[in-house]
Every structure is written in C-alpha cells, then in structure tokens.
Amino acid sequence: MKLPEHGANPHRLYEQAGKKLPSEIIDFSENVHPFGPPVFLKEQWADFFDLLASYPDPQAEPFRSKAAEYHGVGKQQIAAGNGAAEVFTWLARRYRNKRVLLVEPAFSEYRSTLESENAQIMEINLRPENNWQLQLDEVEKQAAHCDAFYVCNPHNPTGRLLNLSVLSEIAELCKGNCELVIDEAFIDFVGEHASFAPLLKTYPHVIIVRSMTKMYALAGLRLGYAIAEAGIIRELTGSRAHWNVNGLAAAAGARCFSEEPYRERVIAAAVSERVKMETYLEATGCTFVPSAANFLCFQLPNPKLSEPFFHAMLEAGIVLRHTYSFKGMDGQWFRIGMKSASAMERLRKEMHRWFRDN
C-alpha cells in the first residue's frame with residue numbers, strides 16, 4: 001500500500017488506505033496552526049477583492065519590499081515564489097548535474113526536485129540513537145565534496161533546532177565551493193532571533209528559504225521567498241515564470257509582517273499544546289523528539305504496533321503524519337501538528353482508548 005508522501009489532503013490518504021471517510025476528521029498530518037489567517041483578511045476582504053481584476057506586480061510587490069524591511073536586507077536580496085516549493089525548483093535548477101548533500105530524514109520536495117534536475121544526492125543520516133541530532137563531523141567529512149548542502153531549521157520532521165553558533169560552524173565548513181541552503185519554514189515558531197538572516201553579510205554563500213504558509217495559515221495562497229546575496233537572487237529568478245506570485249498573495253503577505261500580536265498568540269498556543277502533549281507521551285511510555293516547532297515526532301512503546309495504531313487512528317477520524325516517506329523513520333514514528341486544545345484532547349482520548357485495548 002502506497003500512502004501520500006505529504007501531510008494534508010486526508011481524503012486522498014483514506015482513499016489510498018482503502019478506508020471509508022469518517023464524518024468528522026481531525027488532520028494532525030499538516031502543520032498549519034488552528035487559528036486561521038490573520039483577521040484583517042476577512043475584515044478587509046473587499047480591498048483584496050479589488051485586486052482580482054488587475055495583473056499582479058511581476059516582482060511580487062508590495063510583498064518583496066515588506067519582506068526586505070522585516071529582515072533588514074535590501075529588496076534585491078528577496079525573491080518571492082509560489083510557495084517555498086517553487087523556490088526549491090529554482091534551487092534544483094541551480095544545482096543541475098551537481099552534487100548536493102541532504103540531511104535525512106527530510107522534506108520530500110528536496111529530493112524530488114533535485115532528482116528531476118539530475119543532481120547527485122549525498123546523504124547525512126540522522127539516527128535515533130543520537131536523538132536525531134546532526135553531527136558536525138559528518139558535515140565536515142562530506143560538505144567539502146559537494147556543491148550545496150540543504151539544512152532545515154527547525155528540522156522537519158523532528159522539530160530539532162540548531163542554534164546560530166552551530167549554523168555558523170556549518171557555514172564555515174561550507175565555505176569554498178559549497179552553498180548552504182537553510183530552510184526556515186518553521187523558524188517563525190521560534191522567533192526571528194533564531195533566523196540566520198542577520199548573518200548573511202558574513203556568509204554570502206548561504207541561501208535562506210522562508211514560507212508564509214505555516215505561521216500565517218495561508219496555505220491556499222501559496223507564498224514563500226528566498227533571502228540571499230543579490231547576485232544569487234538574480235541567478236535563481238532568471239527563468240522563473242512572469243507573475244509567478246498572484247496579487248492577493250503579495251498584498252496579504254506584505255501585511256502579515258506587521259502582525260506581531262497574532263504571531264505571539266500562535267507561538268504561545270503551540271508551545272502550550274506541545275508541552276501538554278510531551279507530558280502525555282512521557283506518561284504513556286512513548287519516545288518523542290524535543291521540538292522547537294509546532295509539531296512533535298513520537299514513537300510507540302512497541303514500534304511493531306505502529307501500523308495497526310495508525311489505522312486505528314484513521315478509523316477514529318484522527319489523521320497522523322505517517323513516516324514511511326521519511327528515510328530512517330520507516331513508518332515507525334509519527335508526526336503530529338499542534339492543533340486547538342480541544343483537538344489535542346481528542347487525540348489523547350483516542351490514544352488512551354487504543355493503549356487500554358492493546
């Protein structure tokens with residue numbers, strides 16, 4: 001049985017698993033928080049509606065300028081994409097026929113986009129016996145022989161965070177012929193103090209990829225961006241599609257940067273629910289990875305029961321992110337996005353029922 005490689009779209013998962021869709025589903029497989037987009041989108045929808053009749057700005061203004069202001073860089077250092085996924089297609093094209101180092105397990109789009117451009121993929125494999133932590137000696141051993149190295153921070157799927165001193169060490173190891181790509185899709189749940197963006201002046205061979213999907217719940221608008229040295233940005237976007245970012249996304253995304261109280265609320269809720277879930281997992285004998293993001297990875301006390309547990313949760317209308325597509329996790333770990341307090345309580349209730357009967 002082949003399951004979808006991504007979270008979200010639970011109807012597809014039920015179809016491929018050969019199960020009837022329950023009347024009520026809580027989808028923990030995707031990492032969008034439960035609060036929905038910032039309220040200004042609903043309150044000022046008429047203003048956004050008027051944008052539909054006009055072509056968008058080809059440089060994704062006003063988003064590009066607002067992103068540059070937010071990160072304290074020149075707007076020539078920002079390129080907006082149709083989601084971070086489009087940015088990864090640009091990067092894959094940049095590394096066509098080159099050697100790229102990945103940390104596994106990893107977001108599947110890295111490998112799929114790189115393979116489509118015939119990149120030679122090297123690997124560093126995180127291991128549960130090291131609590132899924134990246135070992136710098138392995139980076140040093142391999143980075144010197146690669147053209148690029150992809151790092152996700154916080155790491156997806158484990159939520160592990162590398163602090164800036166460790167990332168700086170990695171950037172030093174990559175100096176020379178190896179570009180360092182840092183995927184900061186979930187850094188918003190930690191805070192801008194953890195972003196590598198302020199260090200780009202020191203390390204011009206670093207490319208940062210950001211997403212507006214996770215923090216601002218804008219998955220349907222598709223908006224992501226790259227931050228890098230201006231010359232790299234020009235090269236990345238040289239063959240992108242004209243008007244690749246729609247006008248709604250550019251306008252809404254630009255406004256999101258000023259939503260500080262919204263970000264604080266989302267972060268506080270994610271931390272609170274994550275701590276409660278960690279306490280529950282510990283009490284039930286599950287193994288979990290300490291996470292800095294709005295999701296958790298855990299393993300059952302008896303990993304051999306992972307498949308029946310996964311299917312039992314589906315029957316109960318609980319969709320977990322399976323890990324069959326995450327190298328080294330092989331379906332014996334689960335990832336859950338932090339949802340509302342009531343949804344998290346429902347998850348614990350269904351897990352408790354399963355533990356009682358098994």
Side-chain angles (χ1 to χ4, degrees), residues 56-103 106-121 143 146-153 167 170-171 174-185 187 195-214 221-246 249-250 253-254 257:
D57 183 88
Q59 298 295 330
E61 293 292 359
F63 176 77
R64 188 187 190 203
S65 292
K66 287 296 184 181
E69 181 183 328
Y70 184 72
H71 293 290
V73 300
K75 67 178 182 179
Q76 71 276 11
Q77 290 180 261
I78 301 283
N82 188 259
E86 183 183 22
V87 177
F88 283 111
T89 66
W90 301 342
L91 289 164
R93 197 174 304 127
R94 181 175 183 82
Y95 305 129
R96 179 180 292 159
N97 298 322
K98 293 186 177 180
R99 187 174 294 184
V100 180
L101 180 60
L102 299 182
V103 176
F107 179 42
S108 61
E109 289 294 316
Y110 303 159
R111 182 177 290 271
S112 63
T113 53
L114 288 164
E115 286 179 343
S116 72
E117 297 291 351
N118 200 37
Q120 182 182 350
I121 297 174
C146 294
D147 299 288
F149 176 33
Y150 283 33
V151 175
C152 186
N153 195 47
L167 277 175
I170 293 171
C174 291
K175 271 185 175 177
N177 296 321
C178 183
E179 290 183 342
L180 175 60
V181 175
I182 305 177
D183 180 359
E184 291 188 346
I187 205 75
S195 173
F196 199 81
L199 299 175
L200 287 178
K201 288 181 182 177
T202 307
Y203 300 104
H205 61 297
V206 174
I207 302 168
I208 296 173
V209 183
R210 296 286 293 250
S211 169
M212 300 299 286
T213 296
K214 309 302 187 298
L221 279 183
R222 311 306 308 131
L223 185 62
Y225 57 107
I227 317 172
E229 186 268 331
I232 292 176
I233 291 295
R234 284 195 300 272
E235 292 166 3
L236 282 178
T237 58
S239 59
R240 70 175 168 185
H242 208 56
W243 303 308
N244 66 313
V245 173
N246 71 75
F257 289 114

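One is the number of the first residue; the rest follow in order along the sequence.
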Inset, instruction - Go through the steps to decide whether Tyr150 and Val100 satisfy the test side chain to side chain contact (heavy atoms under 4.5 Å, CB included), and finish with yes or no. - result: CA-CA 8 Å; Tyr150 283 33; Val100 180; 3.8 Å; yes

Any donor and acceptor pair, going by atom type alone, linking the side chain of [X] with main-chain N or O of [Y] inside 3.5 Å?
X      : Y      : result
Asp147 : Asn97  : no
Trp243 : Pro56  : yes
Glu184 : Phe196 : yes
Glu117 : Ala119 : no

Legend entry - Separation between CD of Glu86 and CG of Asn244, rounded to the nearest 0.5 Å: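 One gets 4.5 Å once the value is rounded to the nearest 0.5 Å.
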
Legend entry - Atom pair CG (Leu180) and CD1 (Ile170), whose distance is rounded to the nearest 0.5 Å: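 With rounding to 0.5 Å, CG (Leu180) is 7.0 Å from CD1 (Ile170).
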
Taking side chain as C-beta onward, heavy atoms only, is [X] less than 4.5 Å from [Y]?
X      : Y      : answer
Tyr110 : Asp183 : yes
Ile187 : Arg210 : yes
Leu102 : Leu114 : yes
Leu236 : Arg94  : yes
Tyr203 : Leu167 : no
Ile207 : Leu91  : yes
Phe63  : Val245 : no

Inset, instruction - Would you please name every residue forming a side chain to side chain contact (heavy atoms under 4.5 Å, CB included) with Arg64, sequence neighbours left out? - result: Gln59, Glu61, Lys75, Gln76, Ile78

